Amino acid sequence: MKPNKFPKKQKPPVKSKEKEALLPKPKTPPAIGLPRGMRDILPADMPYWLRVRAVAESIAEAHGFSHLETPIVELTALFVRGLGKQTDIVEKEMFSFTDQGGDDLVLRPEGTAPVARAYVTHGMFTVPQPVKLFYYGPFFRRERPQSGRSRQFHQGGYEIMGDGKPVIDAELILMCSRFFADLGIPVTVELNSIGDAACREPYKEKLVAYYRAHRNKLCETCKLRLQRNPLRLLDCKEDGCALLRREAPQVVDHLCEDCKAHFMKVIEYLDEADLTYVLAPHLVRGLDYYSRTVFEVYPEIDGDERTAQSALAAGGRYDALIEMLGGRPTPAAGFAVGVERTISALKARNVPVTGPKTKRVFFAQLGEPAKRKAFRLFEELRKAGVPVVANFAKDALKAQMETANAIGAAYTIILGQKEVLDGTVIIRDMEAGIQEIVDEKKLVIELKKKLGIETS
Ligand code: HAM
């Protein structure tokens with residue numbers, strides 16, 4: 001064999017950086033966003049959330065409510081039966097699904113039916129009545145997201161079960177109005193009575209007769225409402241329908257004697273308490289379980305720019321619901337405040353949400369042995385009731401002092417190598433810029449003295 005005249009040209013070695021460049025580039029996956037109509041609650045908003053929750057809880061406590069939480073997921077049947085098949089929520093707004101076991105489930109769209117279900121499930125009729133229950137948490141409605149309307153929102157709710165007296169309705173309306181007063185939001189309470197099943201039927205007939213006579217002026221949805229849910233005719237926001245409403249028969253003129261007497265009593269109690277309210281003869285609410293008293297609370301605004309979305313809270317009596325859910329006949333009433341809308345109202349009015357700050361102590365540590373010891377001392381301080389903050393992830397003193405400044409710490413404890421060996425700590429007065437060395441055993445007592453915390 002003849003030797004190859006032209007030896008194969010050797011390729012120069014490829015450098016590793018060039019090799020990298022030849023490899024197919026990994027694609028950055030697109031960022032995953034939020035589902036439509038859902039929101040994150042960011043740290044900057046947390047003071048508002050904490051304030052609203054604190055006021056909601058203080059009202060619950062003052063009126064003797066016990067806290068209850070029901071599951072986020074319930075059987076679909078609960079809302080179909082409880083709220084009514086032909087309500088907006090059940091017809092088009094429920095996040096519903098069938099799980100792997102074939103159960104028809106739904107993310108709870110509201111809290112009253114679940115609380116009524118819990119009352120029946122746990123036989124709460126056996127304990128002294130009425131039962132007063134408070135809940136606070138997320139709810140889900142697949143609505144068109146817009147200002148004041150999201151698909152996950154939060155409510156604080158109050159339900160009183162087992163008492164049909166008008167004083168209960170008045171107490172709830174007062175609580176609701178005080179909730180907003182405590183937060184510094186001026187509101188208007190709108191009030192109506194829609195009677196009970198007995199007086200509502202003949203009224204519905206009159207209402208249908210009136211609207212039928214003007215059928216050609218109704219919007220398409222209201223034409224359907226004529227047959228399916230005539231009370232909701234009064235709720236329509238379309239111009240033509242709103243105009244017709246002015247002359248429509250009013251439910252208060254058709255109440256039976258008992259319902260009328262009940263409503264008058266509610267009003268008397270509210271007058272006695274000097275609560276300002278507006279009688280709203282066309283207020284009917286969008287859920288079928290209501291009977292007698294219904295109310296909605298709106299932010300007080302100048303002019304007439306109110307929209308349906310701006311109700312901050314709503315409620316009423318629902319005497320038939322518990323029986324509809326399989327319990328014994330039990331009168332009940334309640335209301336729920338919308339947390340997001342309340343927070344928007346607080347922001348719109350620039351209501352301050354942070355009270356006077358408590359003086360805090362920052363714990364800074366330097367070096368591994370100090371970090372270990374700081375863990376123990378930090379816990380001792382916390383247990384003793386000293387408001388102490390630390391950032392154990394940081395090593396450099398400079399970064400830790402920056403955090404101390406950012407949180408407005410009144411004092412910073414500094415624990416370094418030398419202090420660990422000496423059994424001491426440094427306490428720095430952040431405002432005066434003065435430092436002192438303290439025996440670590442006296443740390444709790446020294447700080448309590450400086451912060452004016454009583455020692456037991
Ligand atoms: P609701 O009127 O459907 O009543 O809701 C009460 C409040 O929750 C509303 O006034 C509003 O502030 C807020 N809210 C409702 N839907 C949304 C949404 N999509 N986005 C933001 N906020 C919303 C009930 O849920 C009844 N369970 C109230 C009740 C309690 N009745 C008797 N007891």
Side-chain angles (χ1 to χ4, degrees), residues 36-39 41 52 56 60 65 68 70 74 78-79 82-84 87-90 92-95 107-119 130-161 168-169 171-173 175-177 179-180 183 185 187-190 192 194 232 235 283-299 306-322 331-346:
R36 213 166 116 72
M38 308 278 177
R39 286 192 206 145
I41 303 165
V52 171
F65 281 65
L68 154 124
T70 59
E74 293 271 2
L78 171 64
F79 300 102
L83 314 191
T87 53
D88 283 352
I89 293 183
V90 171
K92 43 185 193 216
E93 292 170 2
M94 292 208 292
F95 279 100
L107 300 187
R108 59 184 192 181
E110 64 96 55
T112 308
V115 173
R117 198 258 319 124
Y119 180 92
V131 178
K132 295 174 152 188
L133 299 167
F134 166 68
Y135 53 94
Y136 198 99
F139 294 88
F140 305 83
R141 295 185 195 172
R142 208 176 174 288
E143 298 185 85
R144 197 161 61 81
Q146 53 192 296
S147 148
R149 230 174 250 284
S150 43
R151 291 186 170 181
Q152 174 174 338
F153 59 97
H154 296 72
Q155 285 186 349
Y158 306 77
E159 314 289 353
I160 304 185
M161 308 192 152
I168 297 292
D169 311 29
E171 182 183 7
L172 288 162
I173 295 167
M175 284 171 66
C176 190
S177 141
F179 168 83
F180 292 106
L183 281 170
I185 304 172
V187 292
T188 306
V189 177
E190 297 203 348
N192 195 19
I194 56 165
R232 302 286 293 160
D235 230 16
L283 175 65
V284 285
R285 306 278 301 129
L287 307 163
D288 282 1
Y289 53 58
Y290 289 109
S291 53
R292 297 192 166 172
T293 316
V294 288
F295 65 97
E296 284 182 348
V297 173
Y298 289 88
R306 179 186 303 157
T307 58
Q309 291 96 286
S310 62
L312 296 174
R317 184 158 277 290
Y318 49 92
D319 288 342
L321 178 64
I322 293 174
F335 72 93
V337 299
V339 177
E340 281 81 354
R341 290 188 196 175
T342 302
I343 289 174
S344 298
L346 282 172

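Note that the structure is a prediction, hence the values are computed from the model and not measured. First listed ligand is number 1; within each ligand, the first listed atom is number 1.
- Within the 4.0 Å heavy-atom cutoff, Gly157 does not count among the residues contacting ligand 1.
- In this structure, Arg149 does not pair ionically with Glu93, as no charged nitrogen and carboxylate oxygen lie closer than 4.0 Å.
- Heavy atoms of Gly148 come nearer than 4.0 angstrom to ligand 1 in at least one pair.
- Heavy-atom proximity to atom 28 (C) of ligand 1, evaluated over Ala314, Gly334, Cys176, Ala116, is greatest for Ala314.
- Under a 4.0 Å heavy-atom criterion, Arg341 is in contact with ligand 1.
- Under the 3.5 Å distance criterion, the side-chain polar atoms of Arg317 are left unmatched by any main-chain donor or acceptor of Thr293.
- At a heavy-atom cutoff of 4.0 Å, ligand 1 is contacted by no atom of Arg151, backbone or side chain.
- Proximity to Glu159 (heavy-atom distance under 4.0 Å) selects the following atoms of ligand 1: 30 (C), 32 (C), 33 (N).
- When heavy-atom distances to ligand 1 are checked against a 4.0 Å cut-off, Glu296 has no atom that comes that close, whether in backbone or side chain.
- Heavy-atom contacts of Gly315 reach the following atoms of ligand 1: 31 (N) (cutoff under 4.0 Å).
- Screening Phe139, Phe95, Phe140, Phe79 for a side chain to side chain contact (heavy atoms under 4.5 Å, CB included) with Pro109, the sole residue that qualifies is Phe79.
- If you look at Phe140 next to ligand 1, there are no close heavy atoms at all, none under 4.0 Å.
- Under a 4.0 Å heavy-atom criterion, Tyr290 is in contact with ligand 1.
- The structure places CG of Leu78 at 11.5 Å from CZ of Arg108, a figure rounded to the nearest 0.5 Å.
- The minimum heavy-atom distance linking Tyr290 with Ile194 is given by the pair O-CD1, 3.6 Å.
- Between Leu346 and Val52, the closest heavy-atom pair is CD1-CG2, 3.8 Å.
- With a 4.0 Å cut-off on non-hydrogen atoms, Ile89 does not touch ligand 1 at all.
- Judged by distance alone, the side chain of Arg232 and the main-chain N or O of Arg285 form a donor-acceptor pair under 3.5 Å.
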